[in-house]
Visitor: 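I'd like to ask you about the structure that follows.
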Amino acid sequence: MITYRIATIPGDGIGKEVVPAGQQVLEALAKASKSFAFEFENFDWGGDYYRKHGVMMPADGLDAIRGKDAILFGSAGDPDIPDHITLWGLRLKICQGFDQYANVRPTRILPGIDAPLKRCKPEDLNWVIVRENSEGEYSGVGGRVHQGHPIEAATDVSILTRAGVERIMRFAFRLAQSRPRKLLTVITKSNAQRHAMVMWDEIAVEISKEFPDVKWDKELVDASTARMINRPATLDTIVATNLHADILSDLAAALAGSLGIAPTGNIDPERRFPSMFEPIHGSAFDIMGKGLANPVGTFWSVVMLLEHLGEFDAATRVMQAVEAVTADTSLHTRDLGGTATTAQVTAAVCALLEKSAVPAANAA
Ligand code: IPM
Ligand code: MG
């Protein structure tokens with residue numbers, strides 16, 4: 001029996017509702033399993049912690065979670081604290097501190113979801129966006145001078161390193177290779193950004209030689225938005241810089257029917273540090289505390305967490321339970337046009353997991 005140590009960090013807003021729901025699903029799985037268990041430790045970092053202590057997480061916070069097998073994260077964002085403080089003080093501190101350089105964002109139209117592209121069959125939209133998660137536009141390099149004066153100036157410098165681009169390209173090619181279509185699209189903007197993006201393109205060509213069985217193409221980021229809408233089936237695995245992928249993944253999630261169902265993994269592929277899994281949606285303060293949050297984004301993130309731990313059977317079972325629940329429109333939350341609550345959706349998924357745990361030989 002393996003016991004996985006999981007850190008839960010609900011953070012702010014509806015993170016406090018969806019992370020406990022995700023934990024409940026993991027507990028339901030473990031209850032029915034003879035091969036694994038979970039040991040959870042919860043961390044109350046985020047906006048409330050900031051109000052008490054002046055920081056989003058303690059200075060030695062990374063050490064408290066360094067030994068965990070994975071992190072389940074909710075969201076960071078607070079109406080009373082500037083966004084760049086909540087982001088840099090918690091989520092980016094963990095992503096960058098643990099060098100989780102590959103951000104993986106699968107997008108599919110799940111059963112029962114009414115997606116906006118009416119000409120597109122659900123099977124036409126099956127993408128994984130790989131977001132460079134350690135540098136680029138999120139390097140944090142820059143500054144302000146002459147603050148408050150008419151000559152004030154400010155910079156945000158995007159930095160790409162050869163090592164950083166090589167490792168994300170290699171990760172993306174490998175992921176593309178593992179998927180049935182073996183198809184990768186490298187997003188760029190090297191027509192306008194003539195230094196770092198040109199290096200990005202050159203490195204894509206170099207790394208592609210290691211993966212002769214992967215078919216790949218290059219697309220400008222602006223053109224890729226139109227392609228996602230007009231020719232979704234021509235895309236499969238997509239790799240892009242931190243900011244480009246940030247924008248494209250919101251578009252992808254909207255095209256799949258709701259931001260409330262989209263998951264993310266912040267992965268350290270070398271497994272030096274724990275990886276972190278979270279729903280894409282933010283803290284959604286407008287609906288917090290009402291039990292209306294869609295927990296599906298967190299459940300799908302739990303699927304990614306289980307895959308990362310190597311628990312593929314369990315991951316498949318959770319994904320099947322999630323798909324059974326989305327297929328039933330009476331279990332749709334408000335973001336999907338329904339009236340179901342977080343608790344109802346969670347109970348339905350847990351009930352299905354308990355049922356699916358019955359060994360086939362004993363099943364009625
Ligand atoms: C995301 C989010 C974050 C980001 C926000 C909350 C800063 O939009 O995970 O895509 O831009 O990285
Ligand atoms: Mg985003």
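Just follow the structure's listing: the first ligand is 1, and inside any ligand the first atom is 1.
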Visitor: With a 4.0 Å cut-off on heavy atoms, does E278 reach ligand 1?
Guide: no
Visitor: At what distance is the nearest protein heavy atom to atom 12 (O) of ligand 1, and which residue and atom is it?
Guide: R131 NH2, 2.9 Å
Visitor: Does NZ or CZ of R272 lie under 6.0 Å from the centre of the six-membered ring of F98, at an angle within 45° of the ring axis?
Guide: no
Visitor: Is it possible for you to check whether R5 lies under 6.0 Å from the centre of the six-membered ring of F40, through NZ or CZ, and within 45° of that ring's axis?
Guide: no
Visitor: Measure the distance from atom 8 (O) of ligand 1 to every protein heavy atom, then report the residue, atom name and distance (to 0.1 Å) of the closest one.
Guide: D246 OD1, 3.3 Å
Visitor: Looking only at protein heavy atoms, which one is nearest to atom 4 (C) of ligand 1, and how far off is it?
Guide: Y138 OH, 3.4 Å
Visitor: Which heavy atom of the protein is the closest neighbour of atom 3 (C) of ligand 1, given with residue, atom name and distance?
Guide: R91 NH1, 3.9 Å
Visitor: Select one of side chain, backbone, both or neither to describe which atoms of H281 lie under 4.0 Å from any atom of ligand 1, heavy atoms only.
Guide: neither
Visitor: Quick one: do V186 and V205 end up in the same hydrophobic cluster if we chain Ile, Leu, Val, Met, Phe, Trp and Tyr together by side-chain heavy atoms under 4.5 Å apart?
Guide: yes
Visitor: Work out whether the distance between some heavy atom of L87 and some atom of ligand 1 is less than 4.0 Å.
Guide: yes
Visitor: Hey, are the side chains of T188 and L220 touching, using non-hydrogen atoms and a 4.5 Å cut-off?
Guide: yes
Visitor: I'd like to know whether Y4 forms a side chain to side chain contact (heavy atoms under 4.5 Å, CB included) with L306, so could you lay out the CA-CA distance, the side-chain angles of the two residues, the decisive distance to 0.1 Å, and finally the verdict.
Guide: CA-CA 10 Å; Y4 295 112; L306 290 163; over 6 Å; no
Visitor: Just to be sure I read this right, does ligand 1 sit under 4.0 Å from the backbone of E137, its side chain, both, or neither, counting only heavy atoms?
Guide: neither
Visitor: Answer yes or no for atom 1 (C) of ligand 1: protein heavy atom present at a distance under 4.0 Å?
Guide: yes
Visitor: Can you tell me if CZ on R179 sees more than 12 non-hydrogen neighbours from other groups inside 6.0 Å?
Guide: yes
Visitor: Verify whether one side chain among T234 and R227 offers a donor that lies under 3.5 Å from an acceptor in the other.
Guide: yes
Visitor: Would you say the side chains of N42 and T8 form a donor-acceptor pair under 3.5 Å?
Guide: yes
Visitor: I need the nearest protein heavy-atom contact for atom 9 (O) of ligand 1: residue, atom name and distance, please.
Guide: R105 NH2, 2.8 Å
Visitor: If I consider every N, O or S atom in D246, which one ends up closest to the Mg ion (ligand 2)? I only need its name.
Guide: OD1
